[in-house]
Amino acid sequence: MPLPLPAVGAVTAAPLAQATAVPGATHVRYRPFRIRASPSTASSPSTSAVSSPRPPPSARHSRKHLAGRGDAPTRLSKDRVFFLDVNPICFRGSQRSLGAFARWLALFFAHVSLRDPVVAVFDGAGGNEYRRRLMPSYKAHRTRGVGTGADSRVVDVLRECNVPIVQVDGYEADDVVATLTEKVLQKGYRVVIASPDKDFKQLISEDVQLVMPIPEIGRWSFYTLRHYVAQYKCDPTADLSLRCFMGDEADGVPGIQHLAPGFGRKTAVKLLNKHGSLENLLKTAAIRTVGKEYAQDVLVKHADYLRKNYEVLSLRRDVNVQLDERWLSTRDTCNDTSVLSNFILKFNEGRS
């Protein structure tokens with residue numbers, strides 16, 4: 001029996017600041033369904049009331065279907081490992097929302113990850129401090145401490161659904177995911193990162209793709225290498241370099257435009273397509289002309305500024321976290337339905 005979507009009045013898709021519909025992204029298609037929570041199941045949240053669930057109709061198609069219709073053929077010889085960036089799906093706007101968490105998690109289990117391994121990652125205490133020391137404006141508009149703590153109720157649900165939890169003090173979830181992604185790739189797996197955070201686009205490759213919650217359609221949507229190239233007209237290896245020019249308003253990282261208004265995305269993409277990376281571009285500009293006079297002056301005059309942006313926006317791969325081989329095993333989904341049903345029941349009772 002497929003894991004149902006909690007269809008209760010209090011549970012609606014949360015508006016996620018960084019999750020917007022992307023042209024060309026492949027949406028996971030499925031019919032609406034309901035979760036039925038009854039008091040009789042509430043006494044045993046860790047024990048499934050049903051037998052091991054049969055994959056939903058959409059899951060009985062090939063994995064190529066899940067990777068997105070029209071994508072380049074997926075290499076089916078490589079199994080997938082999912083990293084779930086938990087914090088963003090726990091909020092509705094700036095407020096924590098257990099209902100939003102339950103909805104997105106139910107959809108994720110039922111139609112995205114299925115029985116593939118899932119590792120849940122949370123921000124560690126003080127995870128922002130490293131970047132704030134480099135750039136005081138980094139996430140300065142966000143209240144310190146908000147979003148960094150792991151709600152015990154959220155953690156309990158994930159553990160009862162047989163999802164391991166990873167949280168490393170002093171590091172943001174993004175850095176932990178980036179570090180673990182490299183370790184998983186070395187083991188010969190593909191990686192899917194479940195998050196609305198655009199920072200992860202710098203990791204996209206043939207073997208790394210994203211799946212994003214899209215509030216406008218109430219679904220998770222796969223975002224692959226093909227989608228990235230179609231949207232930005234450059235390779236994902238240049239994503240980080242491009243963002244150094246454009247900045248990241250959501251994270252409080254200003255772009256070059258406030259110093260050089262005439263230097264826009266088109267100029268940056270053209271130069272990066274030719275020189276490959278920000279560092280190569282800056283090194284070349286230091287010894288010879290690489291573009292029009294205005295662009296040349298910006299690259300020479302503001303090289304240190306751009307390098308600092310690079311250091312702040314770059315995801316770290318040196319987090320002291322080890323990959324547990326058990327995390328790569330097929331996830332036991334037998335508890336999903338009962339755990340989420342009971343969670344929704346308790347959530348509704350708490351609101352009454």
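Note that these values count all heavy atoms, side chains included, but never hydrogens, waters or copies made by symmetry. Along the sequence shown, the residues carry numbers beginning at 1.
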_Are Phe82 and Phe108, when compared by the centres of their aromatic rings, separated by less than 6.0 Å?_
yes

*Is it the case that Lys201 places NZ or CZ above or below the six-membered ring of Tyr223, under 6.0 angstrom from the centre and within 45 degrees of the axis?*
yes

Could you list the donor-acceptor pairs under 3.5 angstrom formed by side chains in residues 171-178, with sequence neighbours left out?
{"from": "Glu172", "atom 1": "OE1", "to": "Tyr138", "atom 2": "OH", "distance (Å)": "3.3"}
{"from": "Glu172", "atom 1": "OE1", "to": "Lys139", "atom 2": "NZ", "distance (Å)": "2.6"}
{"from": "Glu172", "atom 1": "OE2", "to": "Arg131", "atom 2": "NH1", "distance (Å)": "3.0"}
{"from": "Glu172", "atom 1": "OE2", "to": "Tyr138", "atom 2": "OH", "distance (Å)": "2.8"}
{"from": "Asp175", "atom 1": "OD1", "to": "Arg131", "atom 2": "NH2", "distance (Å)": "2.7"}
{"from": "Asp175", "atom 1": "OD1", "to": "Arg316", "atom 2": "N", "distance (Å)": "2.9"}
{"from": "Asp175", "atom 1": "OD2", "to": "Arg131", "atom 2": "NH1", "distance (Å)": "2.8"}
{"from": "Asp175", "atom 1": "OD2", "to": "Arg131", "atom 2": "NH2", "distance (Å)": "3.4"}

*Under 3.5 Å: donor-acceptor pair, side chain of Gln296, backbone of Val290*: yes

*Side chains of Ser195 and Asp197: is there a donor and an acceptor less than 3.5 Å apart?*
no

*Is Arg243 positioned over the aromatic face of Tyr310, cation under 6.0 angstrom from the ring centre and no more than 45 degrees off axis?*
no

_Asp318 atom CG, over 12 foreign heavy atoms within 6.0 Å_ = yes

*Show your reasoning for whether side-chain hydrogen bond (donor to acceptor under 3.5 Å, both in side chains) applies to Ser205 and Asp207.*
CA-CA 5 Å; Ser205 69; Asp207 288 323; 5.6 Å; no

*Is the closest side-chain donor-acceptor distance between Asp239 and Tyr232 under 3.5 Å?*
no

*Student check: side-chain heavy atoms of Pro254 and Glu249 closer than 4.5 Å*: no

*Donor-acceptor pair, side chain of Thr179 and main chain of Val319, under 3.5 angstrom*: yes

*Mind checking what makes ring-ring contact (aromatic ring centres under 6.0 Å, His included) contact with Phe245, not counting sequence neighbours?*
Phe263

*Flag side-chain contact, heavy atom, 4.5 Å: Asp248 against Lys198*: yes

*For Asn280, which residues count as a side chain to side chain contact (heavy atoms under 4.5 Å, CB included) partner, sequence neighbours excluded?*
Ser277

